[in-house]
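What follows is a single structure, written as structure tokens, with notes after it.
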Amino acid sequence: MKKMLPESELARDERFVRTNIEDRLFDPRGPKVAQRNTGPARMGVDRPAAGERSRSLMHGIFVGEIQALEGAGRTCYDFDDETAPFQLKLDMARQCWDESRHCEISVKLGDHMGAEIGEYTESTFLFAAACNPDPVLRLCGVNRALEGLAIDVFNSMKDFGNESGDPVLEFCEDWMLADEVTHVKMGSDWLRRLTATDPERRERALEFQRTVDAIFNLGGFRGEDDENPIQLARNFRRLAGFTDDENDSLAALARESTVQAREMAEAASAALHASAQGS
Amino acid sequence: MTTITVTPNPFTLVPYDVEEITALLEEAAALAGISSGVDISLTVDEELFAPLTGHMSDVVDGRVVLWISGGNFEDNKRPCHFSADQARVDLSVMMLRAKDRLSDDFAAAPPDAQLSRGERAAWDTYAVGRAGRLGLDMRRPRQLYDFRLQHGFTDVADAAFERCWEAEHVTWEGIREICKETGAADRGPSKVPVDLLRQK
């Protein structure tokens, strides 16, 4: 079996359609919408298109769970026992079981919301973070950055379930959230153990984590304001072993991304306006 | 003779075709049973993309005035591309609601921008249920979830949904009764204007 599988070779049936992040970034409507008030991005029953936005996000979570399963599975297989200890692989095997369960739960939640598998496109840049050839960097990218993001996403969904009075959503998200806290802890533990005598490698891994975190803050996706659809879940992050300093620095990074997204939208809008004036 | 106007003409941000949309609108009007002679104008907000969806159906001085987000016409699997199937479904629901507004049964209904989210969800369910029985491919679970978001995840709300979905004849008073029954009428006004996406 092939080791280090690239994202282009992930197996999917005919229901799934893959998209590139560039499709959305270079969509001429993006800057126009960014200039408009489309209501709070934070999930809520009062915001416009609440049902459709929830379905779309739920589908994104579902494909994210598939990729998390694939990532953890690859880590069990891609490395020999010297590069990645057997106990680490056991943790990854346990994570595979969790992610499989999350896939099943996400499919059922999609049914509950009226979404269908493959109804929305799939972006595979989550799996891309799980392709790093160094297991420590991979664990930092996946278990600390992405599973940390999963804490934020599930907590936001759980809050939405609570606000909308949806007991199914609230209950399911709460259970998945508990697993994510464990996954982050696994990442933090293995980062410490594998880099105990190699501070440079630890710093490289943390830098990789910051890069992945920055990607997922893109466009103000995550933050602590109403304009961020996904809210930073500080308390759960603390339970997972993130320090207050780490949470503060992630919040600052998220704010920076939101400001950058706003500036980019303004610049793109001005460019569109100038080109319309010139034509 | 019915006049149909689609705005913008032409589209500049997305490759949507005015003639194709006009033909689908004619088809939807016929399916809903809109009398010939009733003028129809449709505004498509081409700046909006999925999932920023929404539509509104009003009647002004006997004319049907429609607004829809460009996201409603967008193929979820191919961003920026037009989906005729999706457009057919949404235009039919819009025309069924416009037909309601042209009847005495809904004469007292306020414009769409003034409906509460609960009223709108109940009315949509009534329209989507009928569209399904007219042969369109409607998805019940999707509508049920949207209804529950505004009326609650309760047995009372589900029973009310069932009645709206199956109904062949509901009046504006009937919609208001349903909102009282589920408790949606007791919710305070929406914090976010219901026509926010329509405002530029």
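The structure displayed is predicted, hence computed values, not measured ones. Letters A, B, ... are given to chains in the order of the sequence lines, protein chains preceding strands, and every chain is numbered from 1.
Within a 6.0 Å radius of CG in Asp104(B), no more than 12 heavy atoms belonging to other residues, nucleotides or ligands are found. The number of heavy atoms from other shown groups lying within 6.0 Å of CZ (Arg120(B)) is above 12. The number of heavy-atom neighbours closer than 6.0 Å to CD of Glu224(A), taken from other residues, nucleotides and ligands shown, is above 12. Heavy-atom neighbours of Lys99(B) NZ from other residues, nucleotides or ligands within 6.0 Å: at or below the threshold of 12.
Contacts between residues 46-55 of chain A and chain B, defined by a heavy-atom separation under 4.5 Å, are made by Asp46(A), Arg47(A), Pro48(A), Ala49(A), Ala50(A), Gly51(A), Glu52(A), Arg53(A), Ser54(A), Arg55(A). Below 4.5 Å, heavy atoms of chain A meet heavy atoms from Glu74(B), Asn76(B), Lys77(B), Pro79(B), Cys80(B), all part of residues 74-92 of chain B. Among the residues in residues 126-138 of chain B, none has a non-hydrogen atom closer than 4.5 angstrom to a non-hydrogen atom of chain A. By a heavy-atom distance cut of under 4.5 Å, Tyr145(B), Asp146(B), Arg148(B), Leu149(B), Gln150(B), Phe153(B) are the residues of residues 145-167 of chain B near chain A, going up by number.
No side-chain heavy atom of Thr38(A) sits less than 4.5 Å from a side-chain heavy atom of Gln199(B).
For chain A, the nearby part of Val14(B) is the side chain; its heavy atoms alone come within less than 4.5 Å. Neither the backbone nor the side chain of Asp195(B) comes within contact range of chain A, judged by heavy atoms closer than 4.5 Å. When heavy atoms are compared at a cutoff of 4.5 Å, Asn37(A) approaches chain B by way of both its backbone and its side chain. Ser56(A) touches chain B through its side chain: at least one heavy atom from C-beta onward sits under 4.5 Å away, while N, CA, C and O do not.
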TODO: Might you work through the side-chain contact (heavy atoms from CB on, under 4.5 Å) test for Leu13(B) and Lys32(A), ending with a clear yes or no?
DONE: CA-CA 10 Å; Leu13(B) 293 173; Lys32(A) 301 253 182 204; 4.2 Å; yes

- [ ] Could you go through the side-chain contact (heavy atoms from CB on, under 4.5 Å) check for Arg36(A) and Leu196(B) one step at a time?
- [x] CA-CA 10 Å; Arg36(A) 291 171 61 164; Leu196(B) 185 69; over 6 Å; no

Task: Arg139(B)/Glu116(A) under side-chain contact (heavy atoms from CB on, under 4.5 Å): CA gap, chis, key distance, verdict - done: CA-CA 10 Å; Arg139(B) 286 159 51 189; Glu116(A) 289 175 0; 3.5 Å; yes

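Of the possible polar contacts, none joining the Arg29(A) side chain to the Glu46(B) backbone as a donor-acceptor pair under 3.5 Å is found.
Contact tally against chain A (heavy-atom pairs below 4.5 Å) for Arg117(B), Lys191(B), Arg140(B): the top residue is Arg117(B).
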